[in-house]
Every structure is written in C-alpha cells, then in structure tokens.
Amino acid sequence: MKYDFAEIEKKWQAVWEREKPFRAETGSEKPKFYGLIEFPYPSGQGLHVGHPRPFTAMDIVTRKKRMEGYNVLFPIGFDAFGLPTENYAIKNHVHPAAVTRQNIANFTRQLKMLGYGFDWDRVVDTTDPDYYKWTQWIFLQLYKHGLAYKTTMPVNWCTSCKCVLANEEVVEGVCERCGAPVIRKEKSQWMLKITEYAQRLIDDLDDVDFIERVKTQQRNWIGRSTGAEVTFKATTGDDIVVFTTRPDTLFGATYMVLSPEHALIKKWMPLLKNAPEVQEYQRIAASKSDMERTELNKEKTGVKLDGVRGVNPVNGREIPIFISDYVLATYGTGAIMAVPAHDDRDWEFAKKFGCEIIEVVSGGEDVQKAAFTAKDETGIMVNSEFLNGLTVKDAIPVITKWLEEKGIGKAKVNFKLRDWVFSRQRYWGEPIPMVWCDKCGWVPLPESELPLKLPEVDSYEPTDDGESPLSKMTDWVNTTCPHCGGPARRETDTMPQWAGSSWYFLRYMDPHNDKALASKEALDYWSPVDWYNGGMEHTTLHLLYSRFWHKFLYDIGVVPTKEPYQKRTSHGMILGEGGEKMSKSRGNVVNPDDVVKSCGADTLRLYIMFIGDFEQAAAWSDNAVKGCKRFLDRIWNLAENRIDGPETCSHANEAAVHRTIKKVGEDIEAMKFNTAIAAMMGLVNDFYDHAPSRGDIKALLQLLSPFAPHIAEELWERQGFEGYASTSAWPRYDESKMAESEKEIAIQINGKLRATATVPVDADDETVLTIVKAQEKVARALEGMEIVKSIVIKNKLVNLILRPAK
RNA sequence: GCGGGCAUGGUGUAAUGGCAGCCACGGUGGUCUUAGGAGCCACUGGAGAGAUCCGUGCAGGUUCGAAUCCUGUUGCCCGCACCA
C-alpha cells in the first residue's frame, strides 16, 4: 500500500483531539517542562511558512521531553489586538471582533493540520475580555505603584497609522509596521517607567540562558553609560548641567553645546544679540522628522549664542556656548561640554566653527588633525594640572572625587532607554482603565469594574486630529468619577499591541481563572518558562517589555521568579525561493496549506527543520521538499508490514541505531534539527543495506515521532507496539554497543594524508604503529628515512614525521 | 561610526584542532517498465590516462596536523546609530 499521508494525518489528529494526550497537568509529581513559542497574530492571510519553523522546533523539543517523562506545558494562543485587523474591519465594514474570530478559527485549523502537540484546553486570546481584564489589572497596579503616568511630550507619530509609536517601533525614522514616515508630535500620553528597571534589566541577564546576541542587543538598547554630571556656570549666573563619560577631559572643554530644545535658551533669548538667528535654527530643528535628522547627520550645524558664555569650573575659563541638533534633548541633560581634542563629533564641530582644540590626553596623533579618543592605558593626561601624568583610567576617579568635594559634579549613570509610550489612538486595543475628573484628576477604575470592555461603535476610523475613535463615543466616554461621583470622562486611547503579549505566558499556566491572572499554585508550579523560542525582531520590543512587566509583578509579589524566561533561543527567517524575502508583491509566498495538501504535514515539518541551520536564514526550495517526502516513503516501505521477532536490535544495525539515538537526542537539545534528520536518513539508508529487526524499527519510529508524529504513530500501530509512539519512553543508547570492533584510521606522513589502515578499536599505540608500518605505501615511504616522531590519535589518525636517515 | 554574525561543490549544507563535503537537492548512467516526471542500484569538488596534484573569500601566523585557533584584509547580512 502507498503512504497515504492525508488519510493518516486526519486519523491521528482525530485521535489527539479525542484523547488529549498533550494535556498539561498542574501539580503533577513529574518534573515540569514549560516550552513556549511566540503566539501568532491571527492575520487574515493565515499561517505563513515562517511560523512552522519555531513552532515545529519547540514541538519537537516538547514531544521529546514528554517521552522522557516530563509533565510538559506547550501552549498556544492568539495575540489578536492590532492594526491590520482594525484596518480590515474598516475597509469591509465588519466588526474587528468578528474578523478576529474568523482569523483565529482559520489559524486553529492550520495549526491542528500541522499536528502540533499543543494543550488546546489552554488557548488564550488577548482580545477576550476575560483575558484583557487582567491586562488592565496589571496596568492599574503599575499606576498605583507610580510606574504609569501621563505626560505631554513630543512623541513619534506615524503619519499613516495616525497613531503614536514607542521608540522601539521606529526603525530608521519610519514606522516599523507600515513604513510611513514618523514625525514628532506634541501629545499627552500614558507612559510606563521602564527606565526604573533599566539597571535590573541589564544585571539579570547574567542569570539567564539567552543566546548571546539577544543579551548583547538588549544591553545595547538599554545603553548604560557611566560618567559624571558636571555643573558649569553661565555668565548669566545660571547653572548648566552636562553629562559626560569623560570627566578626565574636563580641562580640554573649550566650548559647550545645548540641544535646540534646551530650556535655558528661552530664558536667555532677550540677552542674545543674534536672537532671530537662534530662533530660526530652533524652528528648523523642530520641523525636521526623525528621518531627516538621521539623513542630515553628515555635516554638523549649529549657532553660537552671542551674549552668553559658559565657565569651565576646573579652570574658570570663559568658553562659548552653541546650540546644535547633534545634542539630543532626550539624552543626558540635553547639554554637553565639548572636548574637540578627544571626541570625534566635537572635533568635527570645532573645525567647522573654529573652536579651540586643546590636547589633554597625550599618546595619539596631532589633535589638530584628528581627535584622539582612546580611553585605555595608552593615553597620559597633560595640560590638566593635578591630573597630569595619570592614565585616563586612573584620572576618572580622581577628577570625579574632586568634583564631588567641590560640589560641582557627581558620578552618574545614564541610559539610552526611554520610558515606554503606552497610548495608541486606535479602537482595537485594550481600553486604558482610567477616568479624568476635573476635580480629582486622573482616577483609576476600581478593580471591581474590570474588565472595562470596548464599546460597540459604528466607525473605527482613526481621526486626523490625533484622537482615538473612542473619543466620539460620548455615551461611553462620559461617566462618573469613581472618587467623587462627579461627572468625568474616560481615557479614550487604548493600549499598544505589546500589552497583551507582555504577560500571556502567565495566563497559560491557569487560563480560566476568574479570581486572579493565574493562581499562586499554578504560578509556583510552572514558573519560569524553561525554554522560549522566538524572533530576533522582538528582542528590544516584546522580550524587553515582558521582562519589565514580569519584574514588576515579582516586586509586588504576584510571580515567584525575577525573570520570566530561563532560556531564550531564536530562529532564522524563511526566505522565498532564490533567497529573497517572501512577499505578495514578489509572488514568492509559500502557503502551508498547499504544501500539506501535496506532501503532507509530516513532510512539511521535516523539511522546515532540515532546511538548514535553525538560527540562520534559509531559502525555501520546492525541490528539496521532495527529498523529505522520499525519506518518509522509504520508511513507509520498510515498516508498513509487521516485522516479527524480538524487540532487540539486529546485529548488523545495532551500532548504527545506538549512535543515531545519541545523535538525535543531543541534536534536539542543541537545536541542530537538520543534522538530527540527516542522522535518521543515514540510519534508514543503513536499513536498506541490512534489513531492520523489530527492535531497529521501534527505535527509528520513536526517534521520528517528534519530527513526523503522524506517520510514526501509524507505523507504530501497524507494527503492533504498545500504546502510542508519542507517549512511549524515549529510547536509551548504550555507549558499549555503539562502537564497532574495527576502525579505519588516516595515515599521514609529514602531515600529509598518504594512506588509510584498519585497526582494532582502542588498540594501543604500539599495535597501531606496527599495523601502519606494515602498509605497503608506508613501507615505501620509510625507505631511507628515519622516524623523528610518531603521533597517534586513538581511533582517528597516525602522523609519522620523517627525515632522511644519516 | 559602534555592536553582532556569516563566507565550504552546480544548490541547501556537514565536519569546532585529526581522512573536507555527512545528509539532501540537482546532474549522469543503469535497472524495472506499455510508459516513467515513480521506485531501486551506481557515480557525482576540480585537474589529470594515471601515479598524483590542487581545493573551505584573500594574505600571513601558531601547530606534527587548521574550514576550525591567532593577526590582518575583502565582501555580504543583521541590529543600533550625532547617546556626549
């Protein structure tokens, strides 16, 4: 009979639906294992072939863990709030909730079609009021602990989404989602104080097992730098506080620069002889979009303040003050001391505006020609009075202490990380549970009134005036103040997409709880997530946000661990045939439905894992899929009919079977799925040379089961093995059975491969050398030569170093 | 500019100090066949009739031995980007 994948996959999916063999049991005596994948956004297009890569990988890991005796939690859900759904709803005049329901149904069908061992009783949906009740609850806790606040500030505004964006959502000056230009807009926004956790978000990376590039990217994004804050006086008597990482170069500060938005400029304006010029510069800087600001970063611009000067506190020298947009209002104090001799940007600016360049660290080239920026031991302080003769490294603590004693400065740590802009002017998101009362100010909704549900509205259109569509819903907006009972208005902005995903992994632990986001028992039992795999694109978004929320929940005693995820890995992207990104416009999109229809889910699963290094991007190839289908066909041919006999390995295949068990097991743990599959293919090739015994086949089906669960289950049943392959005990290997009795070793002469020889395994050096020297080619090479040195690497190689005999 | 990564047959890749190319795709030939775009078998890095020689982006180095380690260099990809 032919391998009828369609029939087989349907059959076993029905069995799993009925018998729920992948259900997780909170509180089980077995050791727990919590494997997590990023829950998908249920888009109208359905599953992309990119999805099965991480999903199948974690399915393989968790299926193996289950076979090894773990109580496995492998859940799935839907991150369903978001703009595409809202836009689709607007265009087609349907409610976003209806669109979401449809899309989730389609995703569910596709995920089941691929045979994943999810616990389907724990599905979460971020748009379900029973779920977002707790998202709102967490927001209220953040508010109560002073970590949520509303403020008016210039924010990133996407001109197409008509919505504000977090810093993390702006990529190269354009909207991460739609690619439209981002401009600055002054708006009143809810903010979350992620900066409060900046240091801990860095420090605690030391305690978790994240792949290194994730840690590095998070550290860079948080951007910790240590230095000092120093107070300069202005000739007006005002204090100008600057931040510097190089307080050692203070004697070389020959001018100062303020950001165009700096508050002192307004105060000084009447004193400035060139006030119109300064105002013009401010106006231009303010009108630049982020993209223009980055594009125009080639040449420095600026204006000198004519009428006010600064005073260098270390030597009392008067120095000029400039404004320039190379100093950012949002970082440090928005003002810098410029040391052109030892900073590339200051040097460039000084050259253009004719500022003095004074060397204070010797050891580099002429500072009139280029800045000398080394801050290690190579530089020695000069022209710096009491710092002279010290290295940069030694000078920093000396000057910092001096500044502190004089009361003009102190050590200071700065972060690039900004607070998280948490409001979105859109309909399809969690309502922010806050009420504005003219008497009481912002008042949080009582927890008993959660969830605050989204009202039914006629139009979800975003507005050009920057208000949320909810603001038009006067019935919903007008309410009473929970504090004084007077008339009040609800907040009409909604939460960003990242809210619901910041804690969903906790909800999986206890998804139907209506008393708490999850019970303490479930949180204690399942925390932390043991292994979380997801995309690199979420490193500075979801991953950072959810670590922040988790740390907060830990601080208020809700969760038992400091970190949500013990281990984090990441997969590469699946590209279209030819190596380009898959997109509708290129017409190279592969639909999983089509692949499953033509080759089956097991083949798709195998191929997507065999495609290449899991962490690397890989290009889809229709041809290569066939190889995986062929592999399953070959297994089918071997095992479709019952093989009788004892359940032990055959003599001919025993070593290969045990080696493959070891290899596949280790490769799954190391996410080297491609080589695990290659090893199984090798074993099947062996089985074509030496017919497999009942035991050989049993081991193969068990190894195959996590990768291609349907066919493994079907053949398991046909062979009449007990129970199910997917719940059988993962096979063990025996080192002693892996070794062959003989090994072919390489023979090198003076480091060059010259011959091979077959020697008994683990033979001692002398025996090996005797056999080697008896080789004809070796004997020939030895004529007239003497052996200077023999290197014997057990079971691998012999290298003879020869020279002419005297 | 800073940070991270990658470079191996016609293709995807494997080997992390020890016989370069496991496993696949593609290709060539054979076999079975009414037929084969199915299956099975064999071959498949390059040059050479062959013995052999050459070969892991490039140039050096360490080593008995380097795709692998070190130094330099080129190219590509990703992240951040005037962060003081």
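Protein chains get the first letters and strands the later ones, always in sequence-line order, with residue 1 at the start of each. On a predicted model such as this, the values are computed, not experimentally measured, just so you know.
- Between the CG atom of A:Leu328 and the C1' atom of B:rA84 there is a distance of 9 Å, given to the nearest Å.
- Side-chain atoms of A:Lys626 and base atoms of B:rC25 include no donor and acceptor less than 3.5 Å apart.
- For A:Lys789, taking side-chain heavy atoms from C-beta onward, the closest of the listed nucleotides B:rA84, B:rC64, B:rA24 is B:rC64.
- Using a 4.0 Å cut-off, no side-chain N or O of A:Arg630 falls inside it from OP1 or OP2 of B:rA38.
- Nearest to the side-chain atoms of A:Asp325 among the listed nucleotides B:rC82, B:rC54, B:rA84 stands B:rC82.
- Atom NZ of A:Lys597 has 12 or fewer heavy atoms from other residues, nucleotides or ligands within 6.0 Å.
- Using the six-membered ring where Trp is involved, A:Phe353 and A:Phe349 have ring planes that are parallel, under 30° apart on the 30 and 60° scheme.
- Put simply, the side chain of A:Asn623 and the base of B:rC25 share no donor and acceptor less than 3.5 Å apart.
- A:Arg754 and A:Gln748 share no side-chain donor-acceptor pair at under 3.5 Å.
- Ranking B:rA84, B:rC82, B:rG39 by closeness to the A:Thr245 side chain, first place goes to B:rA84.
- The partner of B:rA38 is absent, by the rule that a Watson-Crick or G-U pair needs both atom distances under 3.5 Å.
- With B:rA14, B:rC23, B:rC40 as the candidates, the nucleotide lying closest to the side chain of A:Met681 is B:rC23.
- Here A:Lys2 lies out of heavy-atom contact (under 4.0 Å) with every strand.
- Side-chain N/O atoms of A:Lys672 include one lying less than 4.0 angstrom from OP1 or OP2 on B:rA15.
- For B:rA84, the OP1/OP2 oxygens have a side-chain nitrogen or oxygen of A:Ser225 closer than 4.0 Å.
- Among B:rA20, B:rC82, B:rG18, the nucleotide with an atom closest to any side-chain atom of A:Leu753 is B:rA20.
- Of the side-chain N and O atoms in A:Arg754, one or more sit less than 4.0 angstrom from OP1 or OP2 of B:rC53.
- At a threshold of 4.0 angstrom between heavy atoms, the contacts of A:Glu744 include nucleobase atoms, whether or not backbone atoms are also involved.
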Checking A:Gln218 against A:Arg547 for the side-chain hydrogen bond (donor to acceptor under 3.5 Å, both in side chains) test, could you report, in this order, the C-alpha distance in whole Å, the side-chain angles of both residues, the deciding distance, and whether it holds? CA-CA 11 Å; A:Gln218 288 211 346; A:Arg547 288 184 62 222; 2.5 Å; yes
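- In this structure, A:Asn685 reaches the B:rA24 phosphate: one of its side-chain N or O atoms is under 4.0 Å from OP1 or OP2.
- In the model, A:His538 has a side-chain atom that pairs as donor or acceptor with a side-chain atom of A:Glu38 under 3.5 Å.
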